[in-house]
Amino acid sequence: MKQYSLLPALDAQPELNTADILSGLNEAQQEAAAAADGPVLIIAGPGSGKTRTLTHRIAYLLASGKARPHQILAITFTNKAAREMRHRVYELIGDQSKGMTIGTFHSTFARLLRKEGKQIGYTSDFSIYDSDDTKRALRQLLNEYNIDPKQFSPRSMYSLISGAKNRLIGASEYARLAVGPAQEKAAKVYGPYQDLLRASNAMDFDDLLLKPIELFRNHPETLERYRFLWQYIHIDEYQDTNHAQYILAKLLSDGHHNLCVVGDDAQSIYAFRGADIGNILSFQRDYPEARTVRLEQNYRSSKAIVALADAIIKGNSKQIEKELWTENDQGDPIIVMEALSERDEAQKIERRVRDLCLRHGIRYRDIAVLYRTNAQSRSIEESLRREDVPYRIVGGVSFYQRKEIKDAISYMRLVVNPYDDGSLRRVINYPTRGIGNKSQDLLFQWAKGAGVTAWEALERVSEVPGLSSRARNAMARFRTMMDGFMGKAETEPAGDLMRSILNEAGLTHELMREHTPENLVRRENLEELVSAVREFSDNPDTPDTLSAFLQEVSLLTDADSGGDFDDKVTLMTMHASKGLEYKAVFVTGLEEGLFPLSGAMQDPEELEEERRLFYVGATRAERYLYLTYARSRYRYGEHQSGIRSRFLDELSGDLLRTEAGEPFSSKQDRLQRSSGSGNYTEMDPFYYRRPLGGTKGPSEKGRTHNTKPPAARRQGTAPGPSKAEPAGRRIVYDAEESADLAAGMRVEHGTFGEGKIIAIEGNGPQAKAVVFFKEVGEKKLMLRFAHLQRIG
DNA sequence: GTTGGCGTATTTTTT
DNA sequence: ATACGCCAAC
């Protein structure tokens, strides 16, 4: 597994002096790179070379003799970024860079806890629970406390607890602060949840940050050691740090204050998982002596794209003032593409992709298609696959999240950490070996009463009352088998152990029972896992233990996986695209309710975050940028028509072009549509039969420029206009009930008062409107009964 | 104890 | 539309 090699094999570089290291940087970058001592705040716009500045700064510190490699701590946002930074510093100064600590917050402190955790009662073999494991544990607890997991899902409980944890609010304090039913329930399970983790010698993602804080606070001498060790601290993507990370940075840099943070408040997109934009906004206040450097020159994008980015972010009220500029060419115009449906959108993208390759000499790997939600990848995939355009998806389920891999990993975890009840539960009856839920419950309950872990209970299975002899035997056999694995772990290489587990626990066999292509893939994945384990333990750069391997892989993201250098189009969420750049970028699904997402539309803060996400997406592009939206989209299994995103309408028309090359006139277009002939959906079988009534919107005009006929017609789902079929009844409904209502309109309701239509769903007598009412919030109403009156 | 069917909620984004 | 949890039958 390549991502574990600490240092890539590179030819030694000729010696460089410090001036050489700075020479490739512009003035502002040089200032930031050479400001060795004291706090530094680098405010860096997109494409301004902030990572480059950071690497050169580190190289400069080392080459100038200011710092020894082990005194450098650099925190990156992803493991991949860490790898790249290590690589780049090595390229600059060669062997002088060996021994730096570069990694994400989570991996860095996981490593630290492996060394120091025993001071707070953890062995170095602790398990790391990902959100999957965590939800499993919470489901268990919700059950125990008779909380209905349907009403209060493990997922929502986890996000509440997680939110509390990364604000450093403990269980008892949270219980005091909790308001409302959900928080009260979360408060109930918070404490037991922590106890459960503790007893299992396990930590969740939040603990990886909290435990070091706890450790440092309880053991000042340890903190002192690390303060002394890491003399120069760097944090990238500082705008996305949460409170716990903020505290860690503060603790570690107290005393020397050699803390250099880099970020862009306009690119803060992780508030939903606790990131606190206040960290970067108040850096200057926390460290009054801090030097602030702005990197405002953009090297990535064309003038057109930089201007667009500027216009996007102007829609937000709060931000650090800065002015992006570029010396690059004006570049091509940014094109807005309207599609009838998501399918149509996907086809248009696919055609553009091929056009870019054929006519503009762009390679597939220089193209990215970005979307708001993972679910949107599907239609785009289909359309690319149909035309044999190679693509890769980043995100979704990463290798180590796949079920078969997690099963195997759970066995390994249990081998190194027998206290891990979560993993035990996961594997005790997979593959099925006659230990059903009931027997499991008996075992776990007895263990709880006796105050021992389930693993110990397994040893004393004869004492557990109520078990059938069959279950008892099965448990004993399981225990014996695991004992065997644990013995092997002492003597055999990790890869061999993994292989034995796959064979003897029956994991491979389980996947041979049915000969489906999926199972074949799963078996191949398991094989890959074996070689990953082998590589890890064979790698002299990672002389660590098996538990280290298990811990590191639970922190890997799909985006971290080693470079795929094939020539493929990249599909990913805008979140995943952070920090990347492509010659051509498609930002898709620009529709109200999708982007911005409906949940965010009512909260100004969240809306601003969505807008920053748009900013991030658009600024990934170097030269070609396409913004697309569809007028209808599948959601919840039915077609819903939507309206174009407000983000598009906020932009002035001269920045954008339609596909036909005309200026994109934003405002009027949207208004006219909502007042007139709009609200069609592609799949609406009556689309082409509807009396147009003379209201020919600009959208009609757009269609005449389309070289291909609309997708719906070509697929034959909608008969042509010539075939005026009966089925008139539904048209009547349509005309009576909904023809004059469309998303975007202001309406009045007898009881709910004034509101705005967010979307119209379905047609005929089933037509519903999603309306956001000023007084009561979002409601879904049947048009037949609602009697909405248009106002305004 | 296991399997299958049915009903239900579910869609943000992720270290 | 799909996935997952729960319940009933084997």
Side-chain angles (χ1 to χ4, degrees), chain A residues 75-82 103-110 128-132 134-136 139 142-143 148-156 158-159 162 165-166 203-209 237 240-242 244-245 268-275 370-379 394-398 400-401 403 429-441 467-468 470-471 474 551-552 554-560 572-578 589 593-601 606 609-610 612-614 616-617 633-640:
Chain A
I75 309 266
T76 55
F77 193 69
T78 63
N79 288 296
K80 189 181 174 200
T104 63
F105 265 103
H106 288 85
S107 65
T108 302
F109 288 102
I128 296 177
Y129 278 12
D130 66 12
S131 54
D132 219 53
T134 293
K135 275 185 257 172
R136 187 181 288 259
R139 180 172 297 281
L142 291 175
N143 248 324
D148 181 7
K150 273 183 185 157
Q151 248 183 76
F152 303 96
S153 70
R155 193 191 193 311
S156 66
Y158 173 54
S159 75
S162 172
K165 282 172 89 168
N166 57 46
M203 299 192 204
D204 65 13
F205 284 140
D206 303 309
D207 286 336
L208 291 176
L209 306 172
E237 307 287 7
D240 286 319
T241 51
N242 63 30
Q245 292 164 332
S268 158
I269 53 173
Y270 281 101
F272 70 89
R273 69 167 197 222
L370 310 181
Y371 34 78
R372 178 64 240 264
T373 65
N374 280 308
Q376 287 166 255
S377 71
R378 199 185 195 139
S379 55
V394 179
V397 224
S398 86
Y400 289 99
Q401 312 264 60
K403 186 187 172 302
N429 200 31
Y430 181 84
T432 49
R433 48 174 69 92
I435 308 174
N437 279 328
K438 213 167 170 195
S439 307
Q440 285 178 43
D441 285 345
L467 285 176
S468 68
R470 220 183 110 162
Q551 289 167 9
E552 308 247 327
S554 45
L555 296 174
L556 284 183
T557 315
D558 189 42
D560 292 323
M572 64 188 149
T573 65
M574 275 171 266
H575 281 91
S577 77
K578 181 171 158 99
L594 183 63
F595 193 30
L597 215 50
S598 55
M601 296 198 302
E606 284 182 48
E609 174 142 322
E610 295 279 309
R612 290 193 294 268
L613 190 57
F614 184 28
V616 168
R633 195 172 285 276
Y634 255 142
R635 261 187 146 182
Y636 301 106
E638 57 181 340
H639 263 289
Q640 288 182 210

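Quick note: numbers below take in every heavy atom, side chains included, and nothing from hydrogens, waters or symmetry partners. Every chain is numbered from 1 and lettered A, B, ... according to where its sequence line falls, protein lines coming before strand lines.
- For the OP1/OP2 pair of B/dT2 and a distance below 4.0 Å, the side-chain nitrogens and oxygens of A/Asn429 include at least one atom meeting the criterion.
- When heavy atoms are screened at a 4.0 angstrom cut-off, A/Phe105 is found touching no nucleic acid atom at all.
- Comparing B/dT11 with C/dC6, their C1' atoms are spaced 22 Å from each other, to the whole Å.
- Only the P atoms considered, C/dC4 is 15 Å distant from B/dT13, to the nearest whole Å.
- A/Asn242 has its CG atom 12 Å from the C1' atom of B/dT14, to the nearest Å.
- Residues satisfying the ring-ring contact (aromatic ring centres under 6.0 Å, His included) criterion with A/Tyr430, sequence neighbours excluded, are absent altogether.
- Looking at residues two or more places apart in sequence or on another chain, you find no side-chain hydrogen bond (donor to acceptor under 3.5 Å, both in side chains) involving A/Ser554.
- A/Thr432 pairs by the side-chain hydrogen bond (donor to acceptor under 3.5 Å, both in side chains) definition with nothing, not counting sequence neighbours.
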Give me the distances for all protein-to-nucleotides 3-12 of chain B N/O pairs that come in under 3.5 Å?
| residue | atom | partner | partner atom | Å |
| --- | --- | --- | --- | --- |
| B/dT12 | O2 | A/Arg372 | NH1 | 2.9 |
| B/dT12 | O2 | A/Arg372 | NH2 | 2.4 |

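- In terms of position on DNA chain B, the residue among A/Ile435 and A/Leu555 whose nearest nucleotide sits closer to the 5' end is A/Ile435.
- Separating the CG atom of A/Leu209 from the C1' atom of B/dT15 is a distance of 8 Å, rounded to the nearest angstrom.
- Side-chain atoms of A/Ser162 do not come within 3.5 Å of backbone N or O of A/Ser159 as any donor-acceptor pair.
- Counting to the nearest Å, the P atom of C/dC7 and the CG atom of A/Asn437 are 12 Å from each other.
- Among residues two or more places apart in sequence or in another chain, the ring-ring contact (aromatic ring centres under 6.0 Å, His included) test is passed with A/Tyr129 by none.
- In this structure, the salt bridge (charged side-chain N to carboxylate O under 4.0 Å, His left out) partners of A/Asp130, at least two apart in sequence or on a different chain, are A/Lys406.
- Atom NZ in A/Lys80 sits roughly 15 Å away from atom P in B/dT14 (whole-Å rounding).
- Ring geometry for A/Phe105 against A/Phe109 counts as parallel: the plane angle stays under 30°, on a 0 to 90° scale with 60° as the upper cut.
- The shortest distance between the side-chain N/O atoms of A/Ser107 and the OP1/OP2 oxygens of B/dT15 is not below 4.0 Å.
- Look at OH on A/Tyr129: it is 20 Å from P on B/dT15, rounded to the nearest Å.
- Between the CD atom of A/Gln401 and the C1' atom of B/dT15 there is a distance of 11 Å, given to the nearest Å.
- Summarising the geometry, the separation between CZ on A/Phe77 and C1' on B/dT14 is reported as 8 Å, rounded to the nearest angstrom.
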